[in-house]
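Comments concern the structure below.
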There are 2 protein chains.
Amino acid sequence: MTDRTAAPPGSTGCDAAAPADPVRSGRDAVRTRGALVRAARRRFATDGYRATTVRRIASDVGVNVALIGRYFGSKEGLFEACMNRTAEELGTGGPARSSAAEGIDGTIGRLIAHVVEAPNADDPLQLLLLLRSSGDENADAIRRRTLQTFTERLAASAGWDAADPATAGLLLRAQIAIATMLGLVMLRTSVGAQPAASATIGDLEEPLGDLLRGLLAPDS
Amino acid sequence: MTDRTAAPPGSTGCDAAAPADPVRSGRDAVRTRGALVRAARRRFATDGYRATTVRRIASDVGVNVALIGRYFGSKEGLFEACMNRTAEELGTGGPARSSAAEGIDGTIGRLIAHVVEAPNADDPLQLLLLLRSSGDENADAIRRRTLQTFTERLAASAGWDAADPATAGLLLRAQIAIATMLGLVMLRTSVGAQPAASATIGDLEEPLGDLLRGLLAPDS
DNA sequence: CAGGGAAATCATCAACTGTTGACTTATGGT
DNA sequence: ACCATAAGTCAACAGTTGATGATTTCCCTG
């Protein structure tokens with residue numbers, strides 16, 4: 001990461017608001033940034049980090065390549081913005097949101113829903129984003145960090161407490177759960193393996209629910 | 001696949017025979033080819049196709065880059081050789097071995113062992129190779145077929161019978177089990193996510209065993 | 001102990017990638 | 001109407017990648 005990133009307002013972390021600001025028509029930096037992140041995330045997820053060129057992303061959006069450098073500093077910065085957005089939409093973004101509050105059953109249900117929507121929706125492709133190794137050292141570090149946050153969040157919703165050694169095993173169990181989700185999404189979307197690829201929520205609900213409950217709520 | 005491949009004796013499918021030919025010491029083309037395929041497969045599996053450079057592969061083996069062009073025609077040719085070898089080893093290694101004969105518990109134990117060995121051994125990495133989409137149509141077909149065979153074999157060892165509709169659900173369950181394995185191997189090797197990456201067999205045996213038994217042997 | 005031929009290397013090319021600084025154009029306040 | 005500023009484009013550079021022809025090194029046969 002170079003230090004000359006000329007990202008104008010608030011680099012990669014902005015996103016959130018887009019407040020009462022009357023969006024400027026036509027030339028709208030906020031909208032362009034959003035479009036870039038969306039296109040990039042799709043490309044990164046389907047083609048992988050290294051195979052995706054910034055020129056292609058810019059072309060998808062219909063703007064010049066240089067804008068990526070201007071807004072995100074670098075390809076890596078764009079990738080980080082993608083990860084942030086993914087983490088946020090996946091529910092790990094908000095610190096208090098979900099987690100222990102809604103109970104383990106709600107969390108499990110939400111996980112299954114993500115997997116089921118995998119082949120169609122845009123959302124679950126983001127999960128693939130977490131798995132594909134990029135060959136880029138820094139990008140991998142970003143990925144690892146996001147995945148780590150996701151794991152701890154899930155473990156916490158199952159009762160994990162960093163200060164309590166008795167619950168330490170839950171961290172690994174949460175990771176196994178995530179591995180299952182990621183592997184299944186991959187099998188459904190990337191490989192297209194039957195019967196998983198065409199399984200409905202009705203087919204997946206029982207085995208996946210049992211699996212996740214056994215993993216995260218062994219007492220129930 | 002260019003037609004100018006100057007591969008000397010028997011292009012990608014050679015291996016098999018290596019007849020009465022006394023392998024020449026030191027400068028051994030067969031051994032070099034094998035080493036290249038092995039190193040390439042490892043790189044392709046962990047880093048992905050695009051992120052892997054032929055220079056890096058050659059460097060891993062300790063030979064010059066040009067040899068890849070000489071032996072495999074191109075990077076794509078080398079990848080195809082990797083897929084062929086993987087399909088071959090996975091195909092010949094599996095049929096008699098395990099299956100219904102040794103019982104579901106033995107199969108589960110072997111699966112777990114595979115995951116544990118993942119970061120070091122060569123074997124489980126081949127499975128990762130099956131997940132990477134390369135854009136190559138032929139490779140995708142091989143990938144899908146191998147994965148399909150794998151699923152049916154696992155399901156069969158759990159009591160699945162293609163003719164018995166009552167056991168149809170086992171196919172999906174076997175696929176979920178494979179998804180877990182693949183995801184976990186990926187998390188351990190490619191992502192290096194903690195604590196999974198450094199988990200020992202002692203750490204993984206219990207949660208993974210419970211998970212797989214619940215998935216494949218619901219009655220036990 | 002030559003000499004042929006394969007094995008492996010070297011140097012290089014052309015294409016492509018990420019990045020950057022200079023330039024152009026629209027926008028909105030005054 | 002005007003102009004400072006932001007949004008966006010253009011062209012070019014430096015590094016990397018896959019590929020290739022010429023060259024050297026080594027083994028084996030005669």
Side-chain angles (χ1 to χ4, degrees), chain A residues 1-10 14 21-36 40 43-44 47-80 134-139, chain B residues 1-11 14 18 20-36 40 43-44 47-80 134-136:
Chain A
M1 44 201 65
T2 63
D3 49 348
R4 47 157 162 53
T5 60
C14 92
D21 233 6
V23 181
R24 314 224 268 268
S25 70
R27 287 197 155 197
D28 183 349
V30 175
R31 189 203 302 273
T32 302
R33 281 175 59 106
L36 279 174
R43 285 287 173 197
F44 284 147
D47 299 342
Y49 179 84
R50 194 76 166 250
T52 300
T53 69
V54 288
R55 281 179 168 82
R56 183 62 177 264
I57 296 173
S59 167
D60 285 345
V61 176
V63 299
N64 192 277
V65 202
L67 269 194
I68 290 179
R70 175 181 279 294
Y71 285 150
F72 304 98
S74 64
K75 180 186 185 182
E76 195 182 297
L78 174 57
F79 180 75
E80 189 172 350
S134 53
D136 184 277
E137 199 51 50
N138 292 335
Chain B
M1 218 139 306
T2 63
D3 48 347
R4 49 155 164 57
T5 59
S11 168
C14 92
D21 232 6
V23 181
R24 314 220 268 266
S25 69
R27 298 200 142 195
D28 184 347
V30 176
R31 188 203 301 275
T32 303
R33 281 175 59 105
L36 280 174
R43 286 286 173 198
F44 285 147
D47 299 342
Y49 178 83
R50 193 70 169 255
T52 300
T53 70
V54 289
R55 279 178 169 81
R56 184 63 177 264
I57 296 172
S59 167
D60 287 345
V61 176
V63 299
N64 192 274
V65 204
L67 271 193
I68 290 179
R70 175 180 280 293
Y71 285 149
F72 305 98
S74 65
K75 180 185 183 182
E76 194 181 311
L78 175 56
F79 180 77
E80 190 174 344
S134 62
D136 183 76

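Below, chains carry the letters A, B, ... as their sequence lines are ordered, and counting in each starts from 1.
- Rounded to a whole Å, the CD1 atom of B:Ile68 is 9 Å from the P atom of D:dG18.
- A distance of 8.5 Å separates OG1 in A:Thr52 from CZ in B:Arg50, rounded to the nearest 0.5 Å.
- The minimum heavy-atom distance between A:Leu36 and A:Tyr71, with the atom names listed, is CD1-CD1, 4.1 Å.
- For the atom pair A:Asp47 CG and A:Thr53 OG1, the distance stands at 9.0 Å (nearest 0.5 Å).
- For A:Ala139, the side chain to side chain contact (heavy atoms under 4.5 Å, CB included) partners at least two apart in sequence or on another chain are A:Tyr49, A:Phe79, A:Ser134, A:Asp136.
- Of the candidates C:dA8, C:dT19, D:dT20, C:dA8 carries the atom nearest the B:Leu67 side chain, counting heavy atoms from C-beta on.
- Contact check, B:Thr32 against C:dA8: a side-chain N or O comes under 4.0 Å of OP1 or OP2.
- Within the 4.0 angstrom heavy-atom criterion, base atoms lie near A:Ala66.
- Which of D:dA7, C:dA8, C:dT9 sits closest to the side chain of A:Tyr71 comes down to D:dA7.
- When the nucleotides D:dA19, C:dC10, D:dT9 are ranked by their closest atom to the side chain of B:Lys75, D:dA19 comes out on top.
- Between B:Arg55 atom CZ and B:Ile68 atom CD1 the span is 10.0 Å, to the nearest 0.5 Å.
- Within residues 50-60 of chain A, the residues having any heavy atom under 4.0 Å from DNA chain C are, by residue number, A:Thr52, A:Thr53, A:Val54, A:Arg55.
- Among the heavy atoms of the strands, none lies under 4.0 Å from B:Val65.
- For the pair A:Leu36 CG and D:dT9 P, the interatomic distance rounds to 10 Å; values are reported in whole Å.
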Scan the side chains in residues 56-63 of chain B for donor-acceptor partners under 3.5 Å anywhere in the protein, sequence neighbours excluded, and list what turns up.
from, atom 1, to, atom 2, distance (Å)
B:Asp60, OD1, B:Arg43, NH2, 3.4
B:Asp60, OD2, B:Arg43, NE, 2.7
B:Asp60, OD2, B:Arg43, NH2, 3.4

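- When the P atom of C:dA8 is taken as reference, atom CZ of B:Arg33 falls 11 Å away, rounded to whole Å.
- In this structure, A:Phe72 and A:Arg33 have side chains that are in contact, with non-hydrogen atoms separated by less than 4.5 Å.
- Atom P of nucleotide C:dA7 and atom CZ of B:Arg31 are separated by 14 Å, given to the nearest angstrom.
- Candidate nucleotides D:dC10, C:dC10, D:dG8 were compared by shortest atom distance to the side chain of A:Arg70, and D:dG8 ranks first.
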